Structure formats: C-alpha cells, structure tokens
Amino acid sequence: MAVDLLNIARTGVQAAQSQLAVTSNNITNANTEGYNRQVASQSSLDPQSYGGNFYGTGTYISDVKRIYNDYAVKELRIGQTAVSAAQTRYTKASELDQLFSSAGQALPQGLTDLYSSLYSLADSPEDLGLRTNVQSQADQLASSMSQMQTSLDGQMQQTNDEITAITERINAISSEIATINNELMKSTGDNAQLLDAQDSLIKELSGYAQVNVVELDTGAKSVMLGGSVMLVSGEVAMSLSTRSGDPFPDDISMQASNGNNSIQVDIAALGGTLGAFADFRDETLTPAVLELDKMALGISDAFNSLQRQGIDLNGELGQNIFTDINASQMAFGRVGALSSNTGSANLSVNIDDASALTGTEYTLVFTSPASYALTDPNTGTTSALTLNGNSLEGADGFSINIDSGVLASNDTFMLRPTAGAASGFDVVMSSPSTLASGRPKITPDESNSGNTSLTLTSIDDTSVAGFPVTGSELTFSIDLTANTFEVFDVDGVSLGAAASYTPPSISAYGFSFDIDSSATGTEGFTFDLSQSAGDNTNLVQMAALSEIKLMNGGQDTLTDVYENTKLAIGSETKTAEVGVSAADAVYAQAYDRVQSTSGVNLDEEAANLMRFQQAYSASAKIMTVATEIFDTLYNSLR
C-alpha cells in the first residue's frame with residue numbers, strides 16, 4: 001500500500017499544481033481586456049479493488065473550462081453597438097452645433113451689417129464713401145458664406161474619411177477572425193486564448209456595426225454585419241470597400257465583395273459607429289448644407305431682384321449685386337444622374353421662386369412615353385410634372401430643363417435645387433456707383449384691369465430724343481389683343497401711329513420692358529425713368545429685407561433660415577446627449593453582467609490560491625509519510 005499511497009500523493013500534488021497554475025493565470029490576467037477567467041475541473045481516478053474493498057487511487061484535472069455566458073455576451077455586443085452609435089452621433093452633432101453657434105455666427109452678423117450700411121447710404125444716396133462701405137459689407141458677407149461652406153465641406157470630408165478608415169479596420173478584423181476560425185477548426189480542444197481573441201475582435205466589430213454571430217461546433221464563428229452582410233463564414237472573409245456616391249460623389253457608398261461577387265451595402269442600416277456616421281451625413285449635415293444654400297439663394301435672389309428694378313448713379317438699370325442664382329454651372333450642379341440610366345439626357349434646375357424652395361432633395365423618374373414623377377423622399381409626396389417645351393414644370397419653386405439628349409424609360413435623377421448656392425455665392429457688382437439707389441416710376445392707369453405687370457429689362461440710351469424723365473413722362477397704351485402699342489407725351493399727344501410688338505417685350509425711346517398679363521383689351525402705363533438726386537427708394541427697400549419674410553412660403557426672413565437651422569442642430573445635439581446617457585447605462589449593465597460571470601475576482605482568486613497551496617502542501621506531506629513508511633518497512637527487513 002506504500003507504493004499506492006505515494007502515487008495518490010503524486011496525483012494530488014500534480015492536481016494542486018495545475019489548480020495553482022490556472023488560478024495564477026487568472027490573477028495575472030485580471031486586467032487583460034477580453035480575458036475570460038478559467039476554472040480547472042478536478043475528478044477522482046478510478047478506484048482499485050484490494051481485499052474485497054475499493055480504494056481510491058488519486059485525482060486528476062479532467063478539464064480546464066473557459067467561463068463564458070453566451071447570452072450575456074450577446075447583450076454586451078448589442079450594448080456596444082448602441083453606445084458607439086450614440087457617442088458618435090453626439091460627437092458629430094456637437095461639432096456641427098459648435099460650428100453654427102460660434103464661427104458661423106459671422107454669417108447672420110454679416111447680413112445685419114449689410115442692412116445697416118444700406119440704411120446709412122439711404123440718408124445720402126450719392127455718397128461714394130458710403131457706397132464703398134456697402135460693397136465692402138457685401139464682400140464680407142460673401143467671405144463669411146464661403147468660410148462657412150468650407151467648414152461644412154471639411155465636416156463632410158472628415159465624415160467620409162472616418163467611414164473609409166472604419167471600413168479598412170473592419171476588413172482587418174474580418175481577416176483576423178477568419179484566421180482564428182481556421183486555427184480553431186484544426187485544433188482538437190477549446191483554445192481559450194484563441195477564443196478570447198476571437199471574442200475581443202467581435203466585440204470591437206460590434207462597436208462599428210451591428211453583428212450577428214453564428215457559433216459552429218468547431219468553436220469557429222460566422223459573423224453577419226448589420227443583419228444583411230455575411231462578413232465572415234468559417235475561414236472565409238468578405239472585403240468591404242467604399243467608393244464615390246451615385247449620383248453625388250460626396251455621398252460615398254459601400255459594397256461587400258468576395259471574389260467576383262459583390263453586393264451594395266446600406267451604411268446607415270449597419271448601425272453602430274458606421275451607421276451613425278452615415279445617418280449624420282445624410283440626415284443632419286447634408287440638410288444643413290442645403291439650408292445654407294437656400295439662404296444664399298434667398299439673399300442673391302432678393303437683392304438682385306431689387307437691384308434690377310432700380311437705377312444706378314450712371315442712370316442705368318441696376319445689374320446683379322451677387323452671383324446669378326441660375327448661372328449655368330450652378331444650375332447643372334443641382335442635378336445628379338444615376339449611373340444606371342440608359343438615356344443621354346442632361347438636365348439642369350432653374351430657380352423660379354426662391355421663397356417656395358424647401359431645401360430638400362427630390363427623385364425624378366421618367367417612365368416612357370411621357371410620365372415625369374417627382375418624389376420628395378422626406379414626405380413621400382409624388383408630383384406629376386408637365387413638359388412645356390424643354391422644361392418640366394410643377395415643382396415647388398423650380399423647373400427642370402432638359403438641355404440635351406433624350407430620356408430613356410426608368411431613367412432616374414436626384415435633384416437638390418439649392419445645391420451649390422453657398423459655394424458659388426459671390427459679389428459681382430463692379431463698382432459702388434452701380435448700386436441702384438433710385439427707382440424708376442412706372443404708374444399704371446386707374447382704368448387698368450390689375451392683371452398686367454411690367455418689368456423694366458434695360459435702359460439702353462438715355463440720350464434718345466423723348467427718353468422719359470420727370471416733366472417729360474411718356475404714357476404707353478398697350479393693346480394686348482392686337483399686340484400693338486401707342487405712345488403719348490405728357491400732354492396726352494400721340495407721338496406716332498400704333499406700332500406692333502412681339503410679346504412679351506417692347507423696346508422704344510431708349511429703354512425696354514417685358515409685359516406679363518392675363519388680361520385682354522388695352523392697358524396704359526406712364527414712365528418716368530429719371531435718376532433723381534437723393535432718390536433712395538430702392539435702398540430703403542433693400543434695407544427693409546431684414547424684416548420681410550421671404551423664405552419658406554413667407555414664414556421666415558433670410559436670417560431666420562440660418563437661425564432655424566442652428567436651433568434644429570442644437571436640439572438634435574441635446575437629444576444625442578440624452579441618448580448617450582441612456583446607451584451608457586444599458587452598456588454598463590450588460591458589462592457588469594459579463595464581468596460577474598467571466599471576469600476575474602481577485603478576492604476569490606486569492607482565496608483559491610491559498611486553498612490550492614494548502615492542498616499542494618498536504619499532498620506533499622502525504623508523499624513524505626509514504627516515504628517514511630517505506631523506509632521503516634525496508635529497514636525492518638534488513
């Protein structure tokens with residue numbers, strides 16, 4: 001029995017030594033991220049029969065288990081996805097909020113300063129110094145608009161760069177998971193270190209996007225991204241890539257590929273950090289850019305419209321102060337054709353009424369033979385447009401020109417009617433003297449129907465005999481049915497027989513004007529196109545733009561467009577901040593649950609260390625006793 005006693009002691013020492021090794025490994029990895037504690041399971045060896053009785057033969061370590069709760073880990077991954085998305089959303093919204101609340105304030109202030117300079121000039125319309133100040137304030141406003149647009153462009157580029165960087169990291173993670181899966185599939189037992197590395201990678205991945213994990217019998221795991229993209233299947237990993245958006249390059253898109261097979265990925269639907277970036281870009285940043293564009297369009301349109309109705313110091317009809325809102329480059333930049341289109345049509349968007357613009361984007365689909373459907377994705381509203389010549393009409397504040405080529409059935413275009421206005425916003429007024437301070441006097445006859453309006457289009461030659469000035473006004477009697485007009489002097493004497501004209505334009509006596517009328521019969525208008533000293537009528541109307549609700553269907557002033565955008569972003573930032581707190585709480589709860597199961601408790605491990613140390617010492621003592629018994633027996637037989 002002495003030999004058996006020694007063997008039992010040996011197994012006890014070996015088992016205690018193994019327990020000490022597992023416990024020591026737990027203690028040393030207590031602060032290792034992603035480590036799951038391990039427990040050695042100890043079992044008895046089979047007993048032996050001796051003298052009609054069964055005697056134990058010792059112990060052994062039957063298994064070293066990795067403590068792991070799959071349900072708790074799933075909750076932790078879900079919490080990681082939510083908290084990463086919330087933190088990203090809050091960070092990006094805060095950056096944009098800071099931009100609109102600090103640096104961007106130069107924009108509404110610049111508009112206020114322009115109004116003030118116009119009020120000052122209205123007191124002395126011919127003062128070149130004050131006129132120069134107006135132009136300087138206009139230049140400063142344009143500079144502020146450009147700086148704001150540059151900052152927003154930077155936000156867009158940064159967001160796209162972050163999406164690309166995360167995509168590259170996901171590819172690295174998927175490759176690592178596939179490699180680990182391959183090793184696990186070749187191993188005969190559970191490799192705790194590989195499994196911990198595998199879970200750490202999946203946990204990191206769950207911060208970037210929502211993940212669904214399918215466990216295989218071999219210990220390998222297949223990983224699905226966002227519920228739709230099989231990123232890793234066993235030892236095979238797909239590759240993600242980003243590319244320019246279709247049809248707008250800044251809206252970068254993503255695709256997943258494996259060999260020659262590829263699928264389009266909806267980034268916003270992935271969740272996590274990636275989804276938050278895409279959601280911020282598409283739902284917050286792009287609308288903010290389009291609202292800034294809408295403000296730029298409103299400023300240009302309002303000031304240019306008044307300027308074109310006035311007379312400058314040179315006695316000429318005023319020309320644009322700011323960039324024409326329908327400049328060709330800008331008009332073409334408002335339309336994006338999908339790459340899948342089979343037609344050859346090139347479209348552009350013409351702004352007809354800036355006050356009716358919504359600052360959103362639209363989808364235009366042509367269906368053969370003559371169906372043009374315009375849909376607002378935000379509201380789901382679809383309008384049928386009417387083709388008038390080469391122009392599609394019926395949209396809110398804009399029309400669509402088919403400039404060249406032909407449309408094929410199901411050709412689709414994305415429209416952003418306000419796009420590019422802020423980046424193209426600039427002062428084009430050549431000289432302070434060209435600021436139109438006065439207003440021509442065009443007086444309709446009291447007998448007019450009220451359904452006819454005139455727009456002075458040019459003052460061509462003020463030296464022409466009979467050019468209408470104060471005291472020598474001219475009255476035009478226009479026969480809208482016969483398309484003829486007759487001119488009378490200040491005394492009512494006809495200056496010649498009725499002459500024909502081609503609607504809508506009439507040119508005579510050194511100036512031209514257009515007629516817009518739904519009436520029939522004869523309408524009369526009296527013209528006084530003199531530049532009167534001290535006439536500030538047009539300046540006063542320009543300055544009064546500060547109080548007029550021109551935008552969003554007459555609901556907002558030009559400044560309100562900016563302030564409303566700022567308030568909306570501020571509200572979204574506050575909501576995102578609350579979302580972070582809620583997500584943090586859920587994540588903390590899930591993390592504590594995982595730690596309570598798989599985490600290392602140093603107090604518990606210290607107690608185990610003492611327990612296994614005592615077991616080791618006790619087993620060693622048994623070996624000593626067994627040796628002494630053997631020596632005693634041996635000596636007694638000498």
Side-chain angles (χ1 to χ4, degrees), residues 118 121-128 131 304-320 431 433-544:
L118 287 166
L121 179 59
D123 293 333
S124 303
E126 298 181 2
D127 189 318
L128 285 177
R131 283 175 169 269
N304 288 348
S305 294
L306 288 175
Q307 174 76 356
R308 289 194 298 268
Q309 296 175 38
I311 298 177
D312 62 22
L313 283 185
N314 304 316
E316 297 177 353
L317 200 62
Q319 300 300 309
N320 286 344
S431 168
S433 64
T434 61
L435 183 64
S437 55
R439 240 340 181 22
K441 300 175 183 62
I442 304 176
T443 308
D445 288 354
E446 292 182 359
S447 61
N448 283 2
S449 65
N451 296 320
T452 304
S453 62
L454 303 185
T455 302
L456 193 62
T457 56
S458 65
I459 296 177
D460 306 308
D461 188 355
T462 59
S463 64
V464 170
F467 183 82
V469 295
T470 303
S472 299
E473 296 86 354
L474 294 180
T475 298
F476 280 64
S477 179
I478 306 169
D479 187 335
L480 298 169
T481 303
N483 293 332
T484 61
F485 69 93
E486 187 175 357
V487 183
F488 300 86
D489 65 14
V490 70
D491 297 319
V493 178
S494 175
L495 299 181
S500 63
Y501 71 94
T502 301
S505 299
I506 293 178
S507 295
Y509 294 95
F511 66 98
S512 302
F513 60 91
D514 285 347
I515 306 166
D516 183 11
S517 179
S518 60
T520 58
T522 302
E523 307 272 61
F525 292 87
T526 301
F527 291 80
D528 177 359
L529 305 184
S530 59
Q531 171 60 30
S532 304
D535 186 358
N536 64 358
T537 308
N538 215 39
L539 294 175
V540 171
Q541 291 201 23
M542 286 185 185

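All values derive from a computational prediction rather than experimental measurement.
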Taking [X] for its side chain and [Y] for its backbone only, find out whether a donor-acceptor pair lies under 3.5 Å.
X    : Y    : result
D489 : L495 : no
N536 : L539 : no
D535 : T537 : yes
E316 : D312 : no
S530 : S532 : no
D516 : S453 : no
S124 : L121 : no

If we count only N and O atoms by modelled type, under 3.5 Å, do the side chains of [X] and [Y] hold a donor and an acceptor together?
X    : Y    : answer
R308 : Q319 : no
E523 : T452 : yes
T526 : T475 : yes
D445 : S447 : no

[X] side chain near [Y] side chain, heavy-atom distance below 4.5 Å:
X    : Y    : result
L480 : I515 : yes
R131 : E126 : no
T522 : S477 : yes
F488 : V493 : no
S437 : Q531 : yes
L128 : L313 : yes

Which heavy atom of [X] sits nearest a heavy atom of [Y], and at what distance?
X    : Y    : result
L118 : M542 : CD1-CB, 3.8 Å
N538 : A436 : ND2-O, 3.0 Å
Y501 : P503 : O-CD, 3.5 Å
N451 : A519 : CB-CB, 4.1 Å

- Message: The criterion is side-chain contact (heavy atoms from CB on, under 4.5 Å); which residues satisfy it with T457, sequence neighbours excluded?
- Response: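 Expected list: S512, D514.
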- Message: With rounding to the nearest 0.5 angstrom, report the CD to CG distance, Q307 to N320.
- Response: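 Rounded to the nearest 0.5 Å, the CD-CG separation comes out at 8.0 Å.
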- Mind checking the CG-CG spacing from L529 to L317? Nearest 0.5 Å is all I need.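 Answer for the CG-CG pair, L529 versus L317, is 9.0 Å.
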- Other residues, nucleotides, ligands: >12 heavy atoms within 6.0 Å of Q541 CD: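 Above 12, so yes.
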- Test applied, side chain to side chain contact (heavy atoms under 4.5 Å, CB included); reference residue, F511; option that passes from S458, P468, P440: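 The option that passes is P468.
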- Quick check, are the ring centers of F525 and F476 under 6.0 angstrom apart?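 No: the rings miss the under 6.0 Å criterion.
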- Message: With a 6.0 Å cut-off on the ring centroids, do F527 and Y509 count as close?
- Response: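 No, the ring centres sit 6.0 Å or more apart.
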- Would you check, one step at a time, whether the test side chain to side chain donor-acceptor pair (under 3.5 Å) holds for T481 with T520? CA-CA 6 Å; T481 303; T520 58; 4.9 Å; no
